[in-house]
Amino acid sequence: MVWISEADSGSPAVPVRVFLFNGVGIRKLACLSQTMSDTRKPFPFPEFEPKWQARWESEKTFRTAGPGDADFDPGKPKYYVLDMFPYPSGSGLHVGHPEGYTATDIVGRYKRMMGFNVLHPMGYDSFGLPAEQYAIKTGQHPAITTAANIENFRRQLKSLGFGYDWDREIATTDPEYVRWTQWIFLQIYGSYFCEVENKAKPVTELEAKGWTREQIDEVRLAFVADTPVWWSPDLGTVLANEEVEEWKSKGHIVERRPLRQWMLRITKYSQRLIDELDTLDWPEGIKLLQKNWIGRSEGASVQFEIADFDTEIEVFTTRPDTLFGATYMVLAPEHPLVARITTADQTSAVEAYQKACASKSDLDRGDLNKDKSGVFTGAFAINPVNDEQIPIWIADYVMMGYGTGAIMAVPAHDERDWEFAKRFALPIKMVVALDSNQPLDALDEATPGHGTAMNSGFLDGLPTAEAKAKMIDWLESRSKGTRRIQFKLRDWLFSRQRYWGEPFPITWKDGQHHAIPESELPLLAPPLDDYKPSGTPEPILTKAADWVRLPDGSTRETNTMPQWAGSCWYYLRYCDPTNNGRLISQEAEDYWSDEKPGMVDLYVGGTEHAVLHLLYARFWHKVLYDLGHVRTPEPFQKLVNQGLILGEDGVKMSKSRGNVVNPDDVVSEYGADSLRLYEMFMGPLEQVKPWQMKGVEGVSRFLARVWRVAFEEDTVSSKIQDVPCTDPALLRTVHETLKKVGEDIEKLSFNTAISQMMICTNAFTQAEVVPLKEFIQLLTVLNPFAPHLTEEIHARLGGKTMLSEATWPRYDEAALVRNEIELVVQVNGKLRDRLMVSKDIDEEAAKAAAFASAKVMEHLEGKTIRKIVFIPGKIFNIVAN
RNA sequence: GCCGGGAUGGCGGAAUUGGUAGACGCGCUAGACUUAGGAUCUAGUAUCGAAAGGUGUGCAGGUUCGAGUCCUGUUCCCGGCACCA
């Protein structure tokens with residue numbers, strides 16, 4: 001039997017059944033279609049997949065009842081399973097999307113069948129630079145292209161049969177969504193970080209204490225600062241550090257320049273962002289990535305006086321124990337003190353060097369890793385421990401952005417300082433003897449390790465850890481330094497000069513910024529005819545003069561927020577997506593949170609967001625938590641990263657390589673169920689794996705076999721009988737399948753679950769009689785994986801209800817029991833025989849059976865038995881020599 | 001350079017966590033049904049060997065009655081960070 005449909009016509013096809021048992025079929029085929037391969041379907045999915053999708057949609061099968069809904073049952077346990085929502089690009093869904101989406105769909109459907117109230121929503125991260133670039137190219141407003149792209153994504157997602165609650169669909173560009181993104185910004189803007197309580201609090205508390213407006217602006221979590229930023233003249237915006245590479249690789253110019261920008265004080269949360277990772281069920285690798293990104297190091301800050309100047313230089317060091325070995329100092333070329341301390345005869349050299357550095361990016365600096373460069377300022381600092389005068393240099397291996405932008409150089413024990421000292425013939429003084437007994441005078445490289453202090457006055461003889469502590473105490477007692485913890489994490493550059501983003505809900509008057517009233521939210525960007533970058537750092541919204549100028553003489557902030565803003569909190573909005581009075585109702589927030597630290601039970605998405613989205617979202621969530629708007633301290637309890645799907649050639653899919661697989665093509669050729677199943681059967685979810693079209697055919701054949709167990713031609717197979725299962729082996733296979741599939745879904749081990757269902761299907765194929773009840777149990781556990789096919793078979797077998805609403809079948813422990821097992825007999829650990837024995841055979845009986853085996857005796861010939869190892873039910877090992 | 005992850009048949013991958021290596025699928029081989037097969041079904045398929053049997057989880061050692069799994073060293077591949085003081 002073959003099904004024919006006009007798969008490529010784009011309209012829902014009416015399938016024509018043709019039986020190919022004679023030549024008529026082929027002639028019919030030939031005239032109905034140009035190429036046979038396009039139209040041969042082993043089961044009629046082009047007919048039933050859209051049918052079931054339409055039914056789920058019209059019956060709202062996957063609608064989730066929440067607090068406030070009439071059918072809400074507060075007694076049901078909640079389960080929140082979330083996908084990283086897509087950026088709706090013009091090229092549509094990539095096969096990487098359905099990988100994670102199918103995984104969460106299986107878990108969501110499974111949890112529903114297990115009796116959970118499952119929240120499994122979908123939406124669109126629809127602001128962003130690419131939409132604006134496209135708008136510039138085509139002259140169409142980004143709202144139009146974005147809407148079209150969303151529509152295409154929605155169609156594709158629906159064609160895959162995902163059980164989303166479409167009533168909760170959101171897009172970050174929706175005005176109602178923008179309202180709450182801006183509202184959260186105002187909460188951040190209206191807060192400061194209280195160091196005592198280690199949390200954010202409203203700035204109104206400071207007002208009450210009599211702080212001035214200027215003082216408050218200094219501590220807000222959202223603030224304006226002049227910082228060197230990455231600016232792209234042809235994109236017309238600044239970029240975050242992390243975005244620079246991406247746009248550069250697309251051929252855009254990116255340069256460094258100081259600009260006045262909005263920043264968010266994420267650095268205040270550094271310690272909490274590290275500590276609270278421990279409460280989360282995330283891959284250790286991702287936790288480590290975040291920890292390294294935040295980059296905590298413990299040490300001390302030390303004050304160095306400058307000879308002949310009434311000023312000091314502060315440095316940060318993780319090795320205060322090596323202070324006696326500091327033989328020179330280095331300032332970053334941009335350090336504000338450089339101009340002041342440089343002596344007249346060094347000025348021209350210093351300025352030339354500064355200029356050379358300014359034209360280099362950080363990346364170029366990195367390339368010069370090996371070759372140290374620098375210039376002497378002519379000034380000297382005084383080492384606080386021994387009052388020695390040490391020269392002050394400037395060099396680009398010291399960066400302004402970390403620590404204080406100045407270091408004490410200890411060339412004997414730091415590789416970079418060593419190279420620099422060698423290059424410029426600066427003194428090297430050894431102050432730590434390593435634990436290994438190396439000769440102290442034959443030093444030919446830096447020794448950064450721990451050891452015992454030497455040449456260090458009051459520290460001599462102390463191991464590094466103690467020497468550090470003692471030195472800090474010494475510095476603190478003389479007010480020349482303090483214990484200090486330093487983080488690599490920088491404050492978050494939060495403003496962009498683009499059009500297609502949320503405007504800041506801020507106005508300016510007399511050089512001061514003000515929040516606009518909540519009642520004026522959402523503040524939407526005005527329509528513009530021209531989004532082209534002007535080549536200047538002026539935000540594009542500046543062009544909308546009428547919008548910018550307000551009647552009271554104040555002006556609007558013209559920067560917009562970065563794309564991350566919308567994705568920082570979307571998981572909250574899904575809980576209560578249409579609430580116009582609040583970000584999320586108290587009841588919804590309360591119900592969808594539980595005792596675990598993270599609100600979302602399972603979050604699946606790509607590794608590319610390991611440090612950006614996942615760090616930003618945690619930060620926003622913590623601010624909202626501190627201010628009492630949410631009751632969990634973390635957003636995502638369990639995180640799983642799906643592995644990248646490579647092209648058939650084993651490399652990353654890309655248009656230029658021509659190895660991109662379009663999900664639409666797979667769906668029309670093999671059906672949505674085959675695509676879903678294949679993506680899950682490829683291998684472990686987290687693993688990187690190449691696409692194989694032959695593999696899609698393989699799972700498609702499996703689904704066809706399931707179909708053929710039920711149907712012969714187009715009638716119900718005579719093998720299907722509504723009788724008790726009398727074959728214990730078949731019954732055992734079915735119950736093993738019920739057990740394993742459930743356990744494997746819990747472990748997200750979908751590939752092995754599918755393999756078990758294949759085994760079960762093969763057993764049904766070979767059985768003389770297929771008991772209806774057991775077959776439907778298989779269909780039920782297969783339903784989360786292949787929902788359309790299973791619903792269709794179930795309905796055709798007379799099922800009145802939908803499998804999607806079935807309860808998960810429980811396996812029967814009794815059906816799993818085997819009376820006979822295979823006992824493996826080994827001689828010296830090598831397999832010699834397998835014996836069918838009773839499942840609870842004891843050692844004596846096992847021994848008798850083993851020694852009755854000719855194969856075993858053959859290998860024992862001429863040997864003395866030394867030992868016998870018997871593992872009941874598994875192994876009988878004879879050790880002999 | 002530093003930090004992670006990985007290496008199992010021709011291919012994607014299994015292996016109850018120390019107990020029969022290669023489940024399941026792809027591919028391949030042979031057969032059956034066919035005018036036909038890129039459909040379906042049956043059997044086989046790590047490797048050497050005619051067989052008995054030997055050898056096999058990147059490589060070299062070690063622990064153990066027994067190692068893909070644990071320990072030590074090492075090579076290669078992938079990802080991240082990269083002068084972070």
Side-chain angles (χ1 to χ4, degrees), chain A residues 1-2 20-23 26 36-37 40 42 283-289 291-293 295-297 299 315-319 330 362-363 365-370 372 395-399 401-410 414-417 419-420 448 486-489 607-608 610-611 643-644 650 678 681-684 686-699 701-702 704-705 708 740 743 749 751-759 762 765-766 822-834 858 866-871 873-880:
Chain A
M1 177 176 54
V2 168
L20 291 178
F21 296 113
N22 52 46
I26 211 118
M36 276 173 59
S37 63
R40 299 176 66 118
E284 287 305 317
I286 301 295
K287 288 188 185 180
L288 210 67
L289 226 54
K291 280 185 189 170
N292 292 341
W293 187 265
R296 181 185 200 270
S297 35
V315 304
F316 172 72
T317 177
T318 54
R319 293 298 299 272
V330 186
D362 281 1
L363 301 163
R365 279 199 194 185
D367 290 343
L368 300 176
N369 214 333
K370 294 287 163 281
K372 291 282 180 289
D396 65 2
Y397 82 92
V398 174
M399 287 162 305
Y402 182 74
T404 60
I407 62 156
M408 63 177 215
V410 184
D414 182 281
E415 282 173 38
R416 297 150 301 179
D417 297 344
E419 281 170 32
F420 193 81
Q486 181 67 41
F487 295 94
K488 274 199 287 192
L489 186 67
T607 340
E608 66 272 20
V611 284
L644 197 65
Y678 173 63
F681 189 58
M682 291 174 85
E686 289 100 324
Q687 194 169 304
V688 178
K689 41 211 178 278
W691 184 272
Q692 292 183 321
M693 219 35 122
K694 283 285 184 190
V696 186
E697 276 180 36
V699 293
R701 279 207 282 264
F702 158 61
R705 278 205 301 280
R708 283 196 306 269
K740 184 161 175 60
E743 288 171 352
S749 179
N751 54 334
T752 52
I754 293 167
S755 120
Q756 182 62 38
M757 292 186 285
M758 287 172 167
I759 291 170
N762 291 344
T765 300
Q766 304 202 330
E822 203 177 58
L823 182 70
V824 170
V825 183
Q826 299 180 330
V827 176
N828 291 330
K830 292 200 176 181
L831 174 77
R832 294 306 172 192
D833 206 354
R834 305 163 210 245
E858 205 176 302
R866 300 291 173 194
K867 192 176 172 182
I868 283 182
V869 181
F870 176 62
I871 309 293
K874 279 183 182 160
I875 295 277
F876 188 88
N877 187 15
I878 304 162
V879 186

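Convention: sequence-line order gives letters A, B, ...; per-chain numbering from 1. In what follows, every heavy atom counts, from backbone to side chain, and hydrogens, waters and symmetry copies are set aside.
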Side chain of A:Arg708 - closest among B:G19, B:C24, B:U40: B:U40
So which heavy atom on A:Ala610 is nearest to which on A:Ile286, and how close? CB-CD1, 3.8 Å
Touch check for A:Asn751, heavy atoms < 4.0 angstrom, all strands: base, sugar-phosphate only, or nothing? sugar-phosphate
Remember a base hit wins even if backbone is also touched, and classify A:Asn762 as base, sugar-phosphate or nothing at under 4.0 Å, heavy atoms. sugar-phosphate
Aromatic A:Phe420 / basic A:Lys372 pairing, under 6.0 angstrom, 45° off normal: no
A:Asn877, nearest nucleotide to its side chain (from B:G19, B:C24, B:A85): B:G19
B:C70: pairing nucleotide in any strand, Watson-Crick or G-U under 3.5 angstrom: B:G62
Round to the nearest Å and state the distance from A:Leu288 atom CG to B:C3 atom P. 10 Å
Can you tell me, in whole Å, how much space there is between the P of B:C83 and that of B:U75? 25 Å
How is A:Val330 classified with respect to the nucleic acid when contacts are heavy atoms under 4.0 Å: base, sugar-phosphate, or nothing? nothing
Counter-base of B:G18, judged by Watson-Crick or G-U geometry with both distances under 3.5 Å: none
Nearest-nucleotide pick for A:Phe316, side chain only, options being B:C41, B:A85, B:G13: B:A85
Counting only side-chain heavy atoms from C-beta out, which of B:C24, B:U55, B:G66 sits nearest to A:Met758? B:C24
Pairing nucleotide - B:G31, Watson-Crick or G-U, each distance under 3.5 Å: B:C41
For A:Lys488 and B:C2, give me the distance from atom NZ to atom C1', rounded to whole Å. 10 Å
For A:Gln826, report the nucleic acid contact type (base, sugar-phosphate, nothing); a contact means any heavy atom under 4.0 Å. base
From the candidates B:C83, B:G13, B:A85, the one with an atom nearest any side-chain atom of A:Lys689 is B:G13
Under 4.0 Å, counting only non-hydrogen atoms across every strand here, what does A:Arg866 touch: a base, just sugar-phosphate, or nothing? nothing
Nucleotides 26-30 of chain B: which of its N/O atoms have a protein N/O under 3.5 Å away?
residue	atom	partner	partner atom	Å
B:C26	OP1	A:Arg701	NE	3.1
B:C26	OP1	A:Arg701	NH2	3.0
B:G27	OP2	A:Arg701	NH2	3.0

Across the strands shown, which category fits A:Gly285 at heavy-atom distances under 4.0 angstrom: base, sugar-phosphate, nothing? sugar-phosphate
Regarding A:Ile871, tell me which of base, sugar-phosphate or nothing describes its non-hydrogen contacts under 4.0 Å with the strands shown. base
Output the single nucleotide from B:A85, B:G19, B:C3 whose closest atom is nearest the side chain of A:Asn292. B:C3
Taking atom P in both B:G25 and B:A43, compute the distance separating them and give it to the nearest angstrom. 12 Å
Of the options B:A23, B:G12, B:G19, whose atoms approach the side-chain atoms of A:Ile759 most closely? B:A23
Return the 5'-most residue of the pair A:Thr607, A:Ile754 with respect to RNA chain B, ranking by each residue's nearest nucleotide. A:Ile754
Taking the basic N atoms (NZ, or NE/NH1/NH2) and the acidic carboxylate oxygens, is any pair closer than 4.0 Å for A:Glu284 and A:Lys287? yes
Could you list the protein-to-nucleotides 42-50 of chain B atom pairs, N/O on both sides, closer than 3.5 Å?
residue	atom	partner	partner atom	Å
B:U42	OP1	A:Gln766	NE2	3.0

Figure out the CD/C1' separation between A:Glu858 and B:A51, and round it to whole Å. 13 Å
Smallest heavy-atom separation, A:Val315 atom then A:Ile407 atom, equals CG1-C, 3.6 Å
List the atom of A:Val825, the atom of A:Ile878, and the distance in Å for their closest heavy-atom pair. CG1-CD1, 4.5 Å
Per A:Leu289 side chain, nearest of listed nucleotides B:G80, B:U16, B:A23: B:G80
Looking only at side-chain atoms of A:Lys372, point me to the closest of B:C83, B:A85, B:C24. B:C83
Any strand is fair game: report the nucleotide pairing with B:G9 by Watson-Crick or G-U wobble, both distances under 3.5 Å, or none. none
